[in-house]
Structure formats: structure tokens, C-alpha cells
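Reading through the C-alpha cells given below for one structure.
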Amino acid sequence: MSARLLKKVLKEQEELQQHHSQPSTTDDEDGQDPGPSPPAASSINPFDLLIDDEDDSQINPQQDDDQEAAEEVSVNMHKEFVRNGTKSASSTSNKKLKKKKKKKERENSSSTTNKILDKPLDVILESLSLDVNPSALSRQQDPEKAKDVVEEERNRGKQCLTSLLEVDPKYLNAGNELRRIFGSKVVKSFEKNNQASSSRQLRGGRRVNHLSRKTYLVSPSDHWPRWDGSLSMEFLETKNGYHYFRYVHPPSYVEAQKAFEAAKSIHDLNGIASILLHHPYHLDSLITMAEYFKFAGDHEMSSDAVAKSLYALECAWHPMFTALQGNCQLKISHETNKPMFTSLFTHVKNLDRRGCHRSALEVCKLLLSLDSDDPMGALFFIDYLSLRAEEYSWLERFAESYKNDTSLWLFPNFSFSLSVCRYYLEREEDSKNDNLDATRANSTDLLKQALMLHPLVLKRLVEKVPLKEQFWVHILKNSFFSSDQTGIPSLDHLINLYVERNYLIWRIPDLQKLLKETAQLVIEVLETDRNDAKDWACVRKEAFSCKKNEYAHLLVSDFSDSVSSAPPEALQDFVVDPRMRDVQNIIQHANPPNQRHPTREIANRSALAVLFESMLPWVNYGDERDIGVDEGNQFDEHDH
């Protein structure tokens, strides 16, 4: 401590003592030390003096002698401070520190606020990792536009939500689902046994191994040809949150398409097979051969041809074509997009026949998401697949959220499938001892509404399942369930589609019991009040008001489990659309009487071409005389 500061302290102490105590001159004259004075508040913090001492020593180091001279006095004063002024010194020091902190905080806050005010609002929100919401600002400025802003925000929220039609890639592989059902050992043994039949190639000669591209929809086989890049896809536009695309054909593919149309016009299957020799991924040719193999009974080759077409279609996807996320549109109105829908729908049916219902459900989601107009009728297939895959919760959410011109529960397939779905969910909740949701209708109420809305379904199910018990005959005698037609073409067609697709669901005894009890309940309700039947008839007419069949493009045979076959003499004409052809006239035109089929040479020809030709009834090999006898017998049979 410096002598200068020590003198100031002593002077202040003397003034305080004189102010608080009586003067004692006698003690001062005698040179005796004054007695202990009462505690007085010091205006100087001794710790601040220590800091000042350090500063002063750095400024003037020559005062070391003064410090040594006043060392004894400082020790005594230090004791006095400790004894009398510790409390007061600590309180004053705390107050000074708090004042300094508040002052610094005010300076810092003022500086930061000035900096923040200098920045624009967008920059500030971006620094805080927040999104700018101009609608909130406009809502505060203009309250009249609040409703419009709220609607816009809701639409944005719906677009941001995960789409119900989003496809899970891990369920697209049918092999994985078969392994989950039967086990990996069974599937491996089956693949080994069928390895020889599955290794049939489209090209003659030895097998060439190459690395195939990995795809989501199908798993390419080793014997498939390398992808030749014969297709591509172009981006069209973005509208309402959806990206629109279409396939593009290069000149080489256009030439192959012209050759296919020429072969199809004359029903030349050999010409279609020759196209595949030079263009192994020509889509229409692959689809046509798949149909032929299906009619011929070779379902493995048929599935292989469909898988090749899907492989080619996926290899041509645009980098922005995120089809599995449900935000892309591929309108069937473009002619080049039609093979995608045909191949996907056939692939769904093939997966369903193999028992891979979950994989079929995911592919059906993709098919429905690609075109909101649903040209293939996936909306009347997806409820069956979700029930078979036991995706009950998803089906309820889909029926509540999917946007359509008509409410989904008004369609026959959804009105009955939702009651079945609720029945299984109730069983799951009972097994888990969970509390049932009182706000939801139970399965009996849903099935009752379905029977009141579509009574014709009960009669069709009794005939198709079939239900042969005697009480079903008694129920069908009621006038409400005895009608054969609804009088509405669209509704009659949809009922036929539902019964043909979903009749297997109603072969379960528990569901038959539920159907019986609910049908009896409907009869009891109608006996008490016949106006209910009239009310539901009005609902049917309003929901399906069109006098024409709006769903005539959906064939009942496309939704059937039974595989149609054709006689060998009619296979030559399978390339014709079944909606447009008269098989008998085509056969007579293709095989006129007294026509001699020329023989064909097999030397120095492709083995595949010979294989396809041998399947055709109008192609002959060998001695022409023997063939002529057979042909004569054949035409004699036609004449008879």
C-alpha cells in the first residue's frame, strides 16, 4: 500500500471518529492512542485499494521505501478494518459490483439491439433457423384476409404431410415376403429346383454374365439382356405440388414400334418375337408375349416378361421422378405412358396369385398415385389387398383422407371392406384389453349401412361364395334383398367387380356369422319402418347419378382370380383387344377353308424363333404330306 493512499485513509478515519465521538484532546496531547471507536461505514473498499496499489506500483516503482516505512501502520489499520468495518466494506463492494454489472449489461443490450435492428427480418429468422411466414404478418396487417390465409396454410400443411400412397421400398421385393412366410430354406430349395426353367433366355448361344442395375420394382435375373437405354423420361411441369413426367421414345424405338404395329395388324406372333431379338426391351412386345404365355398356361414366362418391362421402365426414370414418395404424376393420356400402367396392374395380379399381398399392396399404391384419374381401377383393388395384408389401420386412414369426387364409403367395395376392417380391429383391441373408441361406429353398424346402401351385394355373395345354408334362402326371400339389378349401370358394374374380387374374404366363418346377424337386423329394422329403404335408395341415386356405365373400361375378368385360357387355334389372335374382337370371325378370317400352311425350315435359324413358332398352331414343320392329312381332318371337323 502506498503512503499517499494510506494518508487519505487515516484522514478519513479521523474525520469519522470526530463526527461520531466526543473530542479527546488530553489523550492526543499525552501521545496515547485513542481507544477503539464504534464501527463506521467506510466509503472505500480495501480490496479496491489493493488493486490501486498494484496499478500505482506499476506506474511509480520508486515508492518502495515509503511502503516499508508505513508497513507497521498498514498492519494496524488492517486489523482495525477487520474488526470494525468488514461488514460495511463487503456491503458497499457488493453494491458497486452490481452497479457495474448492470451498467455493462445495459451497454451490451443496447449494442446488440442496435445491431439486430440494422438487420432485415429475413436474415434474423434465417439465423434463428426459422422459416419466414409472411402470412402471419399479412394476417396482422389485414384481418379481412385471415380466412384465406388460414386455408392456404392448411393446404400447405396437407402437402407437407406424409402421403398415404407413399411406397415402402422394403416391401416391394416379393422374394423377401416369401421368405417371411415360408422361411429362407424353403425358398432357396424352390429356386434351385426351378433354376433350369428360369434360365431360359431370349438369345441363343451361351450365357453371358453381367452386372444388372438394382431396381425397386423387380429384381433382374442374370439371364436378362443388358439394359440398352432404349427409353427415357422427360420432365413436363410442376403443378399443385406434383411433378408431371412422360416417357420418350428415341428413333430406334419408334422403328421397333412401327414393326410391332405391322405384326399386330396381321396377327403375326413370329414377327413380334423377331422384334424382341433385336430390341429385347420393347415394351409392347413384352406385354404381348406375357399375355400369350398366360393364355398358353406358362405363368412363369408370363411373369418374367412383365418383370422385364418393369425393369426397362424403371431404368428410364428421370432423376426427379420420385415415384415412391407419391408426389409424381404420369398421366395415361400420353401414349408413351400406357405400358407403365399395364405392366404395374399385371404385376399386382401376379403378386396376388403368388400370395405376396403386402408387396402387391405397395405396387397398387404406386399405381394409384401415378394418375389421380385411376385409369386401371386400382381403387377397387386396394381394399382387398389391404385386408389380405392385414393393414387394417392403414385402410381406415386411407378411406378417411383420400380425395375423390365421391366419398369412398359410398362405393360397394369400401362400404363392405371398412366393416370387415373394423371387425378385425375390434378383435385386436379386445385381445389387448384396450379401451374401444366410442366415437367410431362398430363393425355391425358399418355392415348394416353397407347392406342398406347396397342390398344387391348380399345376393351376389350368396351365389359366389357360395353360402348354401337354409337360412340364407330365407333371408333372400325378403323383398329388400331379392332384386337382381339396382337400375344404375355404374353401380351394378361396381358390385360385380367387388363380388368377383372380394368373395374370398367372406368364406371365413366368423364373417359369415356377422353377415347373417346383420342381415337379420336389417330385416327387423325395415319391418318397423319402410322409409329407411326409400332414404337409402335416394342416396344411391344421388351418389351414382350418371345413366351410363362410367366404369365400363374396367373388365370383370381383370379382377378375377381365375386365369382364362384359349383354345390353340385362337391363340394367334390374342394380340387383338378383347373388348373389340369377335373371336369366331377372326378365326375364320385367319384360317379360311382349303388354305394350305407352308412348311418352315429350321436349319440355320435362331432357337428362340423356332421355339415361338412351334407354339403357333398355324406353323408346320416336317413332311408336307402328313401335315396336309392333318389339316384336312381339322377342316373337316370345322365343317361338321
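Residues: numbered from 1 along the sequence shown.
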| Could you go step by step and tell me if E291 and K294 meet the salt bridge (Lys or Arg N to Asp or Glu O under 4.0 Å) rule? | CA-CA 5 Å; E291 288 294 316; K294 183 184 73 173; 3.4 Å; yes

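- Residues passing the side chain to side chain donor-acceptor pair (under 3.5 Å) test with T238 are H243, sequence neighbours excluded.
- Applying the salt bridge (charged side-chain N to carboxylate O under 4.0 Å, His left out) test to residues at least two apart or on different chains, the pairs with a partner in residues 231-241 are E234-R246.
- Side-chain atoms of R179 come within 3.5 Å of backbone N or O of G175 as a donor-acceptor pair.
- The shortest side-chain heavy-atom distance between S372 and Q329 falls under the 4.5 Å cut-off.
- The local environment of OH in Y242 is sparse, with at most 12 non-hydrogen atoms from other residues, nucleotides or ligands closer than 6.0 Å.
- Contact of the F245 side chain with the L236 side chain is not registered, since no non-hydrogen atoms from C-beta on lie closer than 4.5 Å.
- No donor-acceptor pair under 3.5 Å is formed between the side chain of S303 and the backbone N or O of E300.
- Here NZ of K464 is found 8.5 Å from CZ of R507. Values are rounded to the nearest 0.5 Å.
- Side-chain atoms of S343 never come within 3.5 Å of backbone atoms of M340 as a donor-acceptor pair (strictly under, hydrogens ignored).
- Within the 4.5 Å cutoff, the side chain of V457 has no heavy atoms near those of the R460 side chain.
- Heavy-atom minimum distance, K308 versus Y281: O-CD2, 3.8 Å.
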* Verdict with reasoning, L366 to Y216, per side chain to side chain contact (heavy atoms under 4.5 Å, CB included) -> CA-CA 12 Å; L366 175 61; Y216 291 107; over 6 Å; no

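- Inspection of the D492 and N549 side chains reveals no N or O donor paired with an N or O acceptor under 3.5 Å.
- Partners of S285 according to the side chain to side chain donor-acceptor pair (under 3.5 Å) rule, which considers only residues two or more places apart in sequence or in another chain, are H282.
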Let's go through L310 and T215 carefully: what are the C-alpha distance in whole Å and the side-chain angles of both, what is the deciding distance for side chain to side chain contact (heavy atoms under 4.5 Å, CB included) to 0.1 Å, and is it a yes or a no?
CA-CA 9 Å; L310 288 174; T215 54; over 6 Å; no

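- The aromatic rings of F235 and H318 sit tilted relative to each other, their planes meeting at an angle between 30° and 60°.
- Residues meeting the side chain to side chain donor-acceptor pair (under 3.5 Å) test with D228, sequence neighbours left out: S230.
- Here the CG-CG distance, from L418 to L387, works out to 8.5 Å after rounding to the nearest 0.5 Å.
- Between the side chain of Y247 and the backbone N or O of L330, no donor-acceptor pair lies under 3.5 Å.
- Nearest approach of A312 to L231, heavy atoms of both residues: O-CD1, 4.3 Å.
- Under the side chain to side chain donor-acceptor pair (under 3.5 Å) criterion, T322 pairs with N327, not counting sequence neighbours.
- Checked by atom type and distance alone, the side chain of S369 never pairs as donor or acceptor with a backbone atom of G326 at under 3.5 Å.
- Enclosure of atom OH in Y503 by more than 12 non-hydrogen atoms of other residues, nucleotides or ligands within 6.0 angstrom is indicated.
- Heavy atoms only, all atoms of each residue included: I272 and M289 are closest at CG2-SD, 4.1 Å.
- Residues satisfying the salt bridge (charged side-chain N to carboxylate O under 4.0 Å, His left out) test with D371, not counting sequence neighbours, are K331.
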Donor-acceptor pairs under 3.5 Å, side chain of residues 355-364 to any protein atom, not counting sequence neighbours: which ones?
residue, atom, partner, partner atom, Å
H357, ND1, D352, OD1, 3.0
H357, NE2, R388, NH2, 3.2
R358, NE, E362, OE2, 3.1
R358, NH1, E391, OE2, 3.0
R358, NH2, E362, OE2, 3.3
S359, OG, Y171, O, 2.8
S359, OG, E177, OE1, 2.7
E362, OE1, D168, N, 3.0
E362, OE2, K365, NZ, 3.4

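- Taking the six-membered ring where tryptophan is involved, the planes of F416 and H454 are tilted, since the angle between them lies from 30° to 60°.
- Across F414 and L408, no two heavy atoms sit closer than the pair CB-O, 3.0 Å.
- Take F182 and apply the ring pair (Phe, Tyr, Trp, His ring centres under 6.0 Å) test, not counting sequence neighbours, and it matches no residue.
- By the neighbour-count criterion of 12 heavy atoms within 6.0 Å, atom CD of E335 is sparsely surrounded, having that number or fewer from other residues, nucleotides or ligands.
- At least one side-chain heavy atom of L324 sits less than 4.5 Å from a side-chain heavy atom of P169.
- Residue pairs meeting the salt bridge (charged side-chain N to carboxylate O under 4.0 Å, His left out) criterion with at least one partner in residues 270-280, sequence neighbours excluded, do not occur; the list is empty.
- Remark: L456 CG to Y498 OH distance equals 12.5 Å, nearest 0.5 Å.
- Using a 4.0 Å cut-off between a side-chain N of Lys or Arg and a carboxylate O of Asp or Glu, D383 and R501 do not qualify as a salt bridge.
- Between the S401 side chain and the F398 main chain, no donor and acceptor come within less than 3.5 Å of each other.
- Classified by interplanar angle (parallel below 30°, tilted 30° to 60°, perpendicular above 60°), the ring pair H249/Y253 is tilted.
- Taking each heavy atom of H279 and S252 in turn, the nearest pair found is CE1-O, 3.9 Å.
- Remark: side-chain polar atoms of S274 are paired, donor with acceptor, to backbone N or O of G271 under 3.5 angstrom.
- For residues 272-285, no residue pair satisfies the salt bridge (charged side-chain N to carboxylate O under 4.0 Å, His left out) rule, not counting sequence neighbours.
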Discussion item. Run V348 and L385 through side chain to side chain contact (heavy atoms under 4.5 Å, CB included) and show every step you take.
Written reply: CA-CA 10 Å; V348 169; L385 294 175; 3.9 Å; yes

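- In this structure F544 satisfies the ring pair (Phe, Tyr, Trp, His ring centres under 6.0 Å) test with no other residue, sequence neighbours excluded.
- Ring centroids of F380 and F559 are separated by 6.0 Å or more, keeping the two rings apart.
- Taking 4.5 Å as the limit, some side-chain heavy atom of E396 sits within range of a side-chain heavy atom of L425.
- Residues that satisfy the ring pair (Phe, Tyr, Trp, His ring centres under 6.0 Å) test with W506, not counting sequence neighbours, are absent from this structure.
- Proximity of a side-chain donor or acceptor of D558 to a complementary backbone N or O of L554 within less than 3.5 Å is not detected.
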- Would you check, one step at a time, whether the test side chain to side chain contact (heavy atoms under 4.5 Å, CB included) holds for R397 with L164? CA-CA 8 Å; R397 289 187 286 108; L164 285 171; 3.3 Å; yes

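- Taking both residues in full, the closest heavy atoms of H493 and V556 are given as CE1-CG2, 4.0 Å, listed atom of the first, atom of the second, then distance.
- One distance of note links CG of L497 with CG of N502; it measures 10.0 Å at 0.5 Å rounding.
- Distance CG/N413 to CD1/I505: 12.0 Å, rounded to 0.5 Å.
- In terms of modelled atom types and a separation under 3.5 Å, the side chain of Y311 and the main chain of R213 share a donor-acceptor contact.
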